[in-house]
2 protein chains.
Amino acid sequence: MIKVLVVDDEPQIARALRINLAAHGYEVTTAADGAQALRAAAAVVPDLVVLDLGLPDMDGAEVIEGLRGWSKAPILVLSGRAASAEKIAALDAGADDYVTKPFDIGELLARVRAATRRSGPGAESPVTAIGPVTVDLSAREVRKDGDEVRLTPTEWQLLEVLLRNPGKLVSQRELLHRVWGPNYDRETNYLRQYMAQLRRKLEADPARPVHLLTEPGMGYRFRP
Amino acid sequence: MIKVLVVDDEPQIARALRINLAAHGYEVTTAADGAQALRAAAAVVPDLVVLDLGLPDMDGAEVIEGLRGWSKAPILVLSGRAASAEKIAALDAGADDYVTKPFDIGELLARVRAATRRSGPGAESPVTAIGPVTVDLSAREVRKDGDEVRLTPTEWQLLEVLLRNPGKLVSQRELLHRVWGPNYDRETNYLRQYMAQLRRKLEADPARPVHLLTEPGMGYRFRP
DNA sequence: AACGGCCGTCAAGAACGCGTCAAAGGTGTC
DNA sequence: GACACCTTTGACGCGTTCTTGACGGCCGTT
């Protein structure tokens with residue numbers, strides 16, 4: 001989860017920002033003045049700072065420099081002042097962006113996305129573990145006992161539908177629709193064929209599947 | 001010297017930007033429309049792009065996506081439109097900043113400094129090793145057994161997309177979109193053609209690729 | 001005990017996708 | 001205007017994948 005520190009001395013604005021950011025999946029911390037901001041930043045180590053200038057206790061540039069002393073997190077400055085000199089000062093002090101109030105919340109969120117996008121993408125993809133096998137859906141990679149297993153396109157599609165519904169029963173109809181298209185309803189032999197191939201490649205004992213289960217007459221289920 | 005690409009169809013603005021940027025020590029290239037911009041970007045590999053929306057030949061988002069396909073250089077958008085929706089669209093397409101005209105040249109320069117500041121001291125030279133071959137994406141240089149290998153622009157774009165997703169499978173659709181544009185979906189023969197050329201230039205044994213792998217029916221993968 | 005439904009398995013031909021070669025447009029350079 | 005380079009396009013052989021049909025075993029029902 002991306003952590004955002006919101007620094008604003010006006011409670012309504014701080015609250016509005018908190019709600020909007022939280023609604024978009026950010027973890028929000030708030031601070032009401034410069035001293036609190038620096039303390040909170042040291043405590044939570046945010047990935048991004050939204051900083052309102054014109055705090056009661058410190059000058060904006062001071063706060064920026066205080067943060068920049070040890071953090072490289074993007075700083076997005078909010079301010080009521082539209083004068084270019086103010087913007088230039090804040091940007092040169094170390095801010096990454098400058099938005100004048102009143103601002104559109106959608107635009108602010110877009111700027112937050114743009115700022116986190118640059119520094120963010122150190123994320124590795126989620127892998128699903130099936131016994132001795134690991135499946136990385138985004139990288140399209142399967143490993144069994146360390147070395148890679150090749151799946152055909154159809155096998156991938158089928159496996160993907162099952163893995164995206166962990167523990168849930170997926171009906172034959174739905175599997176056929178998702179993999180072969182809406183015109184396929186009764187070709188259950190396709191399913192038998194490809195489920196067998198998947199078990200051969202993924203299960204420790206293909207004859208006694210533990211994770212790719214058959215529900216006779218209904219469909220198939222992936223058990224994590 | 002920091003290289004800046006200025007894209008604007010209005011000669012006066014382009015000229016003013018060129019003069020101001022050059023006066024502050026930037027190396028400036030200009031382009032008057034989207035097609036020129038993409039070509040110039042591939043040729044000079046700018047460290048930052050100043051992009052005016054409302055070009056005569058292409059939609060702004062198209063240009064941004066065309067650049068983002070292979071470049072991580074900051075994109076600073078200029079526009080006469082102040083509507084939030086426009087800003088959000090541009091930022092989410094991959095732009096880093098959005099300035100509405102008329103703009104203060106001092107502020108623009110400050111935003112340029114802020115943008116280059118964060119990408120500048122990243123300093124890690126993105127050199128990827130492919131067996132006996134080294135690829136320097138930022139310097140656009142490939143060396144095989146020490147001596148230089150020449151790649152065409154298309155080969156570069158294709159290689160770059162793959163290298164930026166190490167280990168991950170990139171679908172043929174995505175490769176075609178990123179290299180040739182969103183209108184290309186089924187021209188898989190392009191991919192076959194250029195993958196073969198890349199393997200000829202980069203792989204030790206082009207007939208048995210070790211790093212540039214084919215996933216039949218799905219796409220290609222770069223394995224480090 | 002016989003039957004039918006359902007599943008797993010095996011084995012074919014058909015269809016598809018890939019690598020490769022070759023050659024025709026297109027663009028910029030000398 | 002000729003040339004070189006890059007891109008686009010077409011065609012062919014081959015290996016893999018998909019499709020299709022058939023057979024036998026398990027299970028619940030009749």
Side-chain angles (χ1 to χ4, degrees), chain A residues 140 142 148-159 162 169-173 175-176 178-181 183-203 205-221, chain B residues 31 33 35-36 38-40 42-44 66 140 142 148-159 162 169-173 175-176 178-181 183-221:
Chain A
R140 279 278 193 280
V142 176
E148 67 184 287
V149 178
R150 298 200 47 225
L151 298 187
T152 71
T154 311
E155 289 165 3
W156 265 114
Q157 290 187 48
L158 186 56
L159 181 63
L162 290 170
L169 169 74
V170 188
S171 72
Q172 309 182 341
R173 260 184 69 97
L175 286 171
L176 285 168
R178 293 235 188 154
V179 178
W180 281 272
N183 297 328
Y184 292 75
D185 278 340
R186 311 203 179 284
E187 281 78 353
T188 59
N189 44 331
Y190 289 10
L191 293 178
R192 281 180 285 164
Q193 173 72 11
Y194 279 96
M195 285 304 298
Q197 293 185 20
L198 280 179
R199 285 175 179 149
R200 226 171 289 144
K201 292 184 177 180
L202 303 182
E203 289 276 1
D205 182 358
R208 280 184 198 71
V210 181
H211 299 100
L212 300 172
L213 307 178
T214 302
E215 302 282 349
M218 322 241 329
Y220 292 85
R221 179 197 308 275
Chain B
D33 59 43
Q36 274 186 40
L38 293 178
R39 216 171 315 131
V44 307
R140 297 247 141 172
V142 176
E148 182 176 344
V149 178
R150 285 173 43 88
L151 296 188
T152 72
T154 310
E155 289 166 2
W156 263 115
Q157 292 188 44
L158 185 56
L159 181 63
L162 289 170
L169 177 116
V170 188
S171 71
Q172 15 194 43
R173 256 186 74 97
L175 286 171
L176 285 168
R178 294 235 187 157
V179 178
W180 281 272
N183 296 328
Y184 292 76
D185 276 343
R186 308 200 182 288
E187 280 76 357
T188 59
N189 43 331
Y190 290 11
L191 293 178
R192 296 201 299 258
Q193 176 70 15
Y194 279 95
M195 285 304 300
Q197 293 184 22
L198 281 178
R199 292 207 254 246
R200 227 171 287 144
K201 294 183 177 181
L202 302 182
E203 289 276 1
D205 182 357
R208 279 187 198 69
V210 181
H211 299 100
L212 300 171
L213 306 178
T214 303
E215 302 281 349
M218 315 210 301
Y220 292 85
R221 181 198 307 274

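Computation of the quantities below employed the complete heavy-atom set of this structure, encompassing side-chain atoms and omitting hydrogens, waters and symmetry-equivalent molecules.
Using a cut-off of 4.0 Å between Lys/Arg side-chain N and Asp/Glu carboxylate O, A:Arg140 and B:Glu215 are scored as not salt-bridged.
Whole-Å rounding puts the B:Arg221 CZ to C:dC18 P distance at 14 Å. The distance between atom CZ of A:Arg173 and atom P of C:dC6, rounded to the nearest whole Å, is 15 Å. Atoms CZ (A:Arg200) and P (C:dG8) sit 11 Å apart, rounded to a whole Å. The CG-C1' distance, from A:Leu176 to D:dT19, rounds to 14 Å in whole Å. Across the protein-nucleic acid pair, A:Leu198 atom CG and C:dG8 atom P stand 12 Å apart, rounded to whole Å. Note: CE (B:Met218) to P (D:dT17) measures 11 Å, nearest angstrom.
You'll find the side chain of A:Asp185 stays beyond 4.5 Å of the side chain of A:Leu176, heavy atoms only. Residues A:Asp205 and A:Val210 fail the side-chain proximity criterion, which asks for heavy atoms closer than 4.5 Å.
Side-chain nitrogen and oxygen atoms of A:Gln172 include at least one within less than 4.0 Å of the OP1 or OP2 phosphate oxygen of C:dC7.
When all heavy atoms of A:Leu212 and A:Met195 are compared, the closest pair comes out as CB-CE, 3.9 Å. Nearest heavy-atom pair, B:Pro209 versus B:Pro206, reported as atom, atom and distance to 0.1 Å: CD-O, 3.7 Å. Of all non-hydrogen atoms in B:Arg221 and B:Leu169, the two that sit nearest each other are NH1-N, 3.7 Å.
Residues passing the ring-ring contact (aromatic ring centres under 6.0 Å, His included) test with B:Tyr194 are B:Trp180, sequence neighbours excluded.
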Distances under 3.5 Å between nitrogen or oxygen atoms of protein and nucleotides 5-12 of chain D:
residue	atom	partner	partner atom	Å
D:dC6	OP1	B:Arg150	NH2	3.2
D:dT7	OP1	B:Thr154	N	3.0
D:dT7	OP1	B:Thr154	OG1	2.3
D:dT7	OP2	B:Thr152	OG1	2.7
D:dT7	OP2	B:Tyr194	OH	3.1
D:dT7	O5'	B:Thr154	OG1	3.4
D:dT7	O5'	B:Tyr194	OH	3.0
D:dT8	OP2	B:Trp180	NE1	2.7
D:dT9	OP2	B:Tyr190	OH	2.0

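Taken residue by residue, residues 207-217 of chain A places no heavy atom nearer than 4.0 Å to DNA chain D.
Remark: side-chain polar atoms of B:Glu203 are paired, donor with acceptor, to backbone N or O of B:His211 under 3.5 angstrom.
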